[in-house]
Amino acid sequence: MTNPVDLLKQKLFPEALATPEELAMKYPSRSVAEGALVTRIAPSPTGFVHLGSLYTSLISERLAHQSRGIFILRIEDTDKKREVAGMAELFAATLQHYHLTIDEGLGADGQESGNYGPYTQSARIQIYQSYVKALYEQGLAYPCFATPAELEALRSHQETIGERSGYYGRFAAWRTKSPEEALAAIEQGLKPVMRLKSPGNFHTKIIINDLLLGRREMPENDQDIVILKTDGLPTYHFAHAVDDHLMGTTHVIRGNEWFPSLPLHLQLFAVLGWQPPQYAHLAPIQKMDEGKKRKLSKRKDQEANMEYYQQAGYPAAAVIEYLLNLANSNFEDWRRANPTADNTSFELSWKKLANSNGPLFDLAKLNDISKELISRLDAPTVFSNTLEWAKKYNQAFHRLLVDNQEYIQKILDIERSGTPKPRKDIARWAEVENEIAYFFDDNFEVPSTVYQAALTELQGANQQQIIKDFLAVYNISDNPEMWFEKLKVVGKQHGFAATNQDYKADPAQYRGQVGSIAKVLRLLLTGRTQTPNLCLIMQVMGEDRIRRRLSLS
RNA sequence: GGUCCCUUCGUCUAACGGUUAGGACACCAGGUUUUCAUCCUGGUAACAGGGGUUCGACUCCCCUAGGGACUACCA
């Protein structure tokens with residue numbers, strides 16, 4: 001006849017579980033080079049990819065790779081109620097989009113790779129159960145049948161008597177129940193959770209070493225936290241200890257919302273008999289909301305969603321460089337000193353990271369970084385990036401790009417190649433459509449109000465004659481200097497000073513200055529008051545289009 | 001309530017205990033330019049407050065205030 005202790009164990013755990021010794025054999029410690037970091041990002045697939053997750057991923061990936069270590073993507077899908085299908089794959093694909101290389105775990109192709117898997121927690125249930133069973137056998141874990149209502153009642157009771165809330169010490173009713181009582185609860189059809197029997201004392205302080213915060217003192221954990229939920233899946237805390245031990249994580253880099261649970265995590269490593277990893281807790285990226293700083297929120301802030309940046313058409317590298325700048329403020333000095341280097345050759349420093357508080361998200365800074373970065377690209381690269389963006393987000397524009405590849409590349413090359421200071425007017429691929437719109441005849445028009453305003457600049461001069469005279473001497477192969485000289489000559493014939501200085505010196509002698517003529521030409525040709533160099537625009541537009549637009553007046 | 005974390009221009013930040021508190025973005029002004037953008041020059045703008053320690057404090061200590069995190073069978 002089976003005794004209650006064995007019977008309960010049978011009810012609590014499946015028959016064939018590996019022992020901790022077997023698991024230790026299956027997942028041997030890694031042989032990585034001296035000083036190499038093994039880091040991971042461990043998202044919960046409950047929604048879109050958050051800017052903060054990318055930030056943490058970036059730091060983890062860079063620190064791993066610059067030490068010739070390993071970066072792992074692990075999926076923490078233990079909350080089946082909040083899980084959203086496809087989000088794990090989206091995460092992997094997003095890391096790939098930002099050129100963060102996953103060495104192990106879920107890859108962008110949707111497949112897992114690596115010898116320490118599975119890397120999806122729901123596929124690791126038996127591993128967690130093995131360790132829970134071992135803890136149970138050592139008297140370090142116990143089943144708890146308290147219902148949510150009972151826990152709620154406990155909480156309010158603790159509040160009224162002024163005690164810390166939680167399941168601990170004398171409040172942990174199931175901590176001391178006998179196997180018979182547990183068996184009786186199972187008989188009634190109740191499902192237990194497994195709790196840690198915490199050996200901690202709240203009044204004992206422990207020393208914590210965080211790579212960024214430094215040496216801190218905190219109370220020991222005494223909460224009998226849930227380690228296995230009724231559905232058999234582990235809670236974050238337990239899965240963290242088991243997975244990061246088995247996977248050989250050397251450095252856990254994560255948001256500082258986890259900092260308060262560090263005593264618990266260290267305790268878990270201790271009861272499991274393992275060496276904990278090093279920890280680095282990062283301050284979250286924040287946002288100003290009604291005069292107050294707060295964490296970027298998944299629900300409230302569109303700029304928290306990486307899809308926002310992709311849809312807006314920010315280059316992946318611009319977003320990465322913005323985040324690098326938040327991580328290490330000396331990044332921008334490095335960038336100035338190395339204008340063309342790939343940002344992966346920037347060495348991320350722990351020390352600089354430590355000084356970072358929760359920075360406020362700054363779209364203006366991102367735009368600046370993005371403009372600077374795009375200005376350094378050549379026209380074919382701008383074109384191909386825009387094409388890739390449009391394929392996903394703007395079908396009509398994509399068609400235009402495909403049909404006019406050569407023409408558009410020439411447009412994009414205006415004041416770009418061969419210029420020491422290329423224009424900085426594109427921050428996002430989505431802006432290219434507007435940037436090149438006037439080079440096409442569909443929907444081209446000169447707004448009459450703007451046109452009228454330009455006409456007044458001519459001070460009654462004969463616009464048609466001016467254009468006729470200009471076209472008579474214009475040669476499409478003229479360089480900008482020649483082009484402008486010719487415009488000056490025509491201007492002079494019609495009473496316009498060749499330079500602003502000339503005009504200012506003797507205003508009575510002139511109708512105006514040559515810039516006014518350029519302004520009218522620009523308007524007729526582009527419909528705009530602000531464009532790149534007009535001579536270069538005309539060369540790209542071609543003779544036919546020039547004559548057509550100028551004769552419309 | 002409890003346990004922690006944080007605090008320098010509007011924003012991101014720099015400053016062995018000795019600096020006119022520096023840079024970048026943004027903003028403003030001037031210049032260059034056929035317009036715009038670029039580019040150049042200049043400018044406005046900060047040590048949360050109060051106590052100490054010290055010849056000397058942004059820097060070290062304490063207190064206060066403000067902000068933030070956690071306090072789930074969510075991560």
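Given the structure is predicted, the values throughout are model-derived calculations rather than measurements.
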Engineer: Could you check if a side-chain atom of A:Tyr236 sits within less than 4.5 angstrom of a side-chain atom of A:Thr78, using non-hydrogen atoms only?
Structural biologist: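 Heavy-atom side-chain distance check fails, nothing below 4.5 Å.
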
Engineer: Would you please indicate yes or no on a ring centroid separation below 6.0 angstrom for A:Tyr314 and A:Trp429?
Structural biologist: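 Centroid distance A:Trp429-A:Tyr314: not below 6.0 Å, so no.
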
Engineer: For B:rU7, take OP1 and OP2 only and decide whether either is under 4.0 Å from a side-chain N or O of A:Asn357.
Structural biologist: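 Checking A:Asn357 against B:rU7: at least one side-chain N or O falls below 4.0 Å of OP1 or OP2.
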
Engineer: To the nearest angstrom, how far is A:Asn325 atom CG from B:rA24 atom C1'?
Structural biologist: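 The answer, rounded to whole Å, is 8 Å.
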
Engineer: Let me know the distance between CD1 of A:Ile426 and C1' of B:rC36, rounded to the nearest Å.
Structural biologist: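 After rounding, the gap between these two atoms is 14 Å.
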
Engineer: Which is true for A:Leu213 with a 4.0 Å heavy-atom rule: it touches a base, it touches only sugar-phosphate, or it touches nothing?
Structural biologist: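 Sugar-phosphate contact only - A:Leu213 comes under 4.0 Å of backbone atoms but never of a base.
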
Engineer: Is the A:Phe361-A:Tyr322 ring centre distance short of 6.0 angstrom?
Structural biologist: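 Yes, ring centres under 6.0 Å apart.
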
Engineer: Could you measure between the two P atoms, the one in B:rC73 and the one in B:rG67, and give it in whole Å?
Structural biologist: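 So the two P atoms sit 29 Å from each other.
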
Engineer: Taking atom P in both B:rC27 and B:rA21, compute the distance separating them and give it to the nearest angstrom.
Structural biologist: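 To the nearest whole Å, 27 Å.
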
Engineer: Is any side-chain heavy atom of A:Phe145 less than 4.5 Å from a side-chain heavy atom of A:Ile186?
Structural biologist: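 The answer is yes; the side chains approach within 4.5 Å.
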
Engineer: Might you list the N or O atoms of the protein lying below 3.5 Å from N or O atoms in nucleotides 25-29 of chain B, with each pair's distance?
Structural biologist:
| unit_1 | atom_1 | unit_2 | atom_2 | d |
| --- | --- | --- | --- | --- |
| B:rC25 | O4' | A:Lys365 | NZ | 3.4 |

Engineer: Answer yes or no for A:Arg164 and A:Phe202: cation-pi contact, defined as NZ/CZ to six-membered ring centre under 6.0 Å and angle to ring axis within 45°.
Structural biologist: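 Geometry flag: set, cation within 6.0 Å and 45°.
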
Engineer: Is the A:Phe259-A:Tyr279 ring centre distance short of 6.0 angstrom?
Structural biologist: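 No, the ring centres sit 6.0 Å or more apart.
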
Engineer: Report the C-alpha separation of A:Lys80 and A:Asp231 in whole Å, then their side-chain angles, then the decisive distance to 0.1 Å, and conclude whether the salt bridge (Lys or Arg N to Asp or Glu O under 4.0 Å) test is met.
Structural biologist: CA-CA 9 Å; A:Lys80 290 299 168 188; A:Asp231 61 6; over 6 Å; no

Engineer: N/O contacts under 3.5 Å, protein versus nucleotides 39-47 of chain B?
Structural biologist:
| unit_1 | atom_1 | unit_2 | atom_2 | d |
| --- | --- | --- | --- | --- |
| B:rC39 | OP1 | A:Lys424 | NZ | 3.1 |

Engineer: Could you tell me whether A:Asn367 contacts a base, only the sugar-phosphate backbone, or nothing, with contacts defined as non-hydrogen atoms closer than 4.0 Å?
Structural biologist: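 Nothing, no nucleic acid heavy atom in range.
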
Engineer: Starting from P on B:rU35, measure out to CZ on A:Arg528 and report it in whole angstrom.
Structural biologist: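 Going from A:Arg528 (CZ) to B:rU35 (P), I get 18 Å.
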
Engineer: Taking the P atom in each of B:rU11 and B:rA26, what is the distance between them to the nearest angstrom?
Structural biologist: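 About 16 Å, rounded to a whole number of Å.
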
Engineer: C1' atom, B:rC9 versus B:rC4: distance in rounded Å?
Structural biologist: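 These two C1' atoms come out 30 Å apart once rounded.
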
Engineer: If the threshold is 4.0 Å, N to carboxylate O, is there a salt bridge linking A:Asp368 and A:Lys365?
Structural biologist: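 Between A:Lys365 and A:Asp368 there is no salt bridge, as every charged N stays at least 4.0 Å from the carboxylate O atoms.
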
Engineer: Below the 4.0 Å mark, does B:rC5 have OP1 or OP2 next to a side-chain nitrogen or oxygen of A:Arg216?
Structural biologist: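 Answer is yes, contact under 4.0 Å.
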
Engineer: Scan every strand shown for a Watson-Crick or G-U wobble partner of B:rA14, both distances under 3.5 Å, and answer none if you come up empty.
Structural biologist: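 Pairing partner: none.
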
Engineer: Whom does B:rA37 pair with, Watson-Crick or G-U wobble, provided both distances fall under 3.5 Å?
Structural biologist: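 B:rA37 is unpaired by these criteria.
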
Engineer: C1' atom, B:rU44 versus B:rA29: distance in rounded Å?
Structural biologist: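 So the two C1' atoms sit 10 Å from each other.
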
Engineer: What is the per-nucleotide protein-contact pattern of nucleotides 70-75 of chain B, from the 5' end, where B denotes a base atom under 4.0 Å from a protein heavy atom, S denotes such proximity for sugar-phosphate atoms only, and - denotes neither?
Structural biologist: SSSBBB

Engineer: Establish, from distance only, whether the side-chain atoms of A:Gln267 and A:Asn221 form a donor-acceptor pair under 3.5 Å.
Structural biologist: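 A:Gln267 vs A:Asn221: donor-acceptor pair found between side chains.
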
Engineer: Which is more 5' along RNA chain B, the nucleotide nearest A:Pro284 or the one nearest A:Arg164? Just name the residue.
Structural biologist: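 Nearest-nucleotide comparison on RNA chain B picks A:Arg164.
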
Engineer: Can you check whether A:Trp174 and A:Tyr142 have ring centres sitting under 6.0 Å from each other?
Structural biologist: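 No: the rings miss the under 6.0 Å criterion.
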
Engineer: Could you give the distance from NZ (A:Lys486) to SG (A:Cys535), rounded to the nearest 0.5 Å?
Structural biologist: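 A:Lys486 atom NZ to A:Cys535 atom SG measures 9.5 Å (nearest 0.5 Å).
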
Engineer: For nucleotides B:rG23 and B:rG66, find the distance between their P atoms and express it as a whole number of Å.
Structural biologist: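 Taking atom P in both B:rG23 and B:rG66, they lie 34 Å apart.
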
Engineer: Report which part of the nucleic acid A:Arg522 touches: base, sugar-phosphate, or nothing (heavy-atom distance under 4.0 Å, all strands).
Structural biologist: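 Result for A:Arg522 = base.
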
Engineer: Give me the atom names and distance for the closest heavy-atom approach of A:Ala280 to A:Trp350.
Structural biologist: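 Reported closest heavy-atom pair: CB-CZ3, 3.5 Å.
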
Engineer: How long is the line joining CH2 of A:Trp334 and P of B:rC12, in whole Å?
Structural biologist: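 Interatomic distance, CH2 of A:Trp334 to P of B:rC12: 23 Å.
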
Engineer: Applying a 3.5 Å limit to both distances, which nucleotide forms a Watson-Crick or G-U wobble pair with B:rU8?
Structural biologist: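 Across all strands, not a single nucleotide pairs with B:rU8.
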
Engineer: So what's B:rC70 paired with, Watson-Crick or G-U wobble, going by both distances under 3.5 Å?
Structural biologist: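 For B:rC70, the partner nucleotide comes out as B:rG2, under the 3.5 Å rule.
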
Engineer: In Å and rounded to the nearest 0.5 Å, what is the CG to CZ distance from A:Leu135 to A:Arg195?
Structural biologist: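 Between A:Leu135 CG and A:Arg195 CZ, I get 15.0 Å after rounding to 0.5 Å.
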
Engineer: Whole-Å distance between B:rU3 C1' and A:Leu264 CG?
Structural biologist: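 Distance check: A:Leu264 CG to B:rU3 C1' gives 13 Å.
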
Engineer: In whole angstrom, give the distance that lies between atom CG of A:Asn256 and atom P of B:rU3.
Structural biologist: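 From A:Asn256 CG to B:rU3 P: 19 Å.
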
Engineer: Of all the heavy-atom pairs spanning A:Arg549 and A:Leu525, show the shortest one and how long it is.
Structural biologist: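 In this case the closest contact between A:Arg549 and A:Leu525 is NH1-O, 2.7 Å.
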
Engineer: Looking at every strand, decide which applies to A:Phe202 at a 4.0 Å heavy-atom threshold: base, sugar-phosphate, or nothing.
Structural biologist: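 Here A:Phe202 touches the backbone only, sparing every base.
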
Engineer: Go through B:rU34, B:rC4, B:rC12 for me and flag the one nearest to the A:Leu326 side chain.
Structural biologist: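 Of all the options, the side chain of A:Leu326 is nearest to B:rC12.
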
Engineer: At under 4.0 Å between heavy atoms, what does A:Lys80 touch on the DNA or RNA strands: base, sugar-phosphate, or nothing?
Structural biologist: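 Nothing, no heavy atom under 4.0 Å.
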
Engineer: Between A:Gly162 and A:Phe484, who's closer to the 5' end of RNA chain B by nearest nucleotide?
Structural biologist: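 Comparing both residues, the 5'-ward one is A:Gly162.
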
Engineer: When the ring centroid of A:His265 is compared with that of A:Phe238, is the distance short of 6.0 Å?
Structural biologist: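 Between A:His265 and A:Phe238, the centre distance exceeds or equals 6.0 Å.
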
Engineer: Could you check whether A:Pro420 gets within reach of a base, just the sugar-phosphate, or nothing at all, counting any heavy atom under 4.0 Å?
Structural biologist: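 A:Pro420: no heavy atom of the nucleic acid under 4.0 Å.
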
Engineer: Say you pick atom C1' in B:rU19 and the same atom in B:rA57; how far apart are they, in whole Å?
Structural biologist: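 Comparing C1' positions in B:rU19 and B:rA57 gives a spacing of 14 Å.
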
Engineer: When the distance from CZ of A:Phe259 to C1' of B:rG68 is rounded to whole Å, what number comes out?
Structural biologist: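 Result: 14 Å.
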
Engineer: Pick base, sugar-phosphate or nothing for A:Leu487, based on heavy-atom distances below 4.0 Å to the nucleic acid.
Structural biologist: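 No contact.
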
Engineer: Atom CG of A:Leu373 and atom P of B:rA24: how far apart are they, to the nearest Å?
Structural biologist: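 A:Leu373 atom CG is separated from B:rA24 atom P by 19 Å.
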
Engineer: C1' atom, B:rU8 versus B:rU13: distance in rounded Å?
Structural biologist: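 Looking at atom C1' only, B:rU8 and B:rU13 are 9 Å apart.
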
Engineer: On a plain distance test, is the side chain of A:Asn533 in donor-acceptor contact with the base of B:rU33 below 3.5 Å?
Structural biologist: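 Counting by modelled atom types and ignoring angles, no donor-acceptor contact under 3.5 Å is found here.
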
Engineer: Pairing check on B:rU19: which nucleotide meets the Watson-Crick or G-U wobble criteria with it, both distances under 3.5 Å?
Structural biologist: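 Its partner: none found.
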
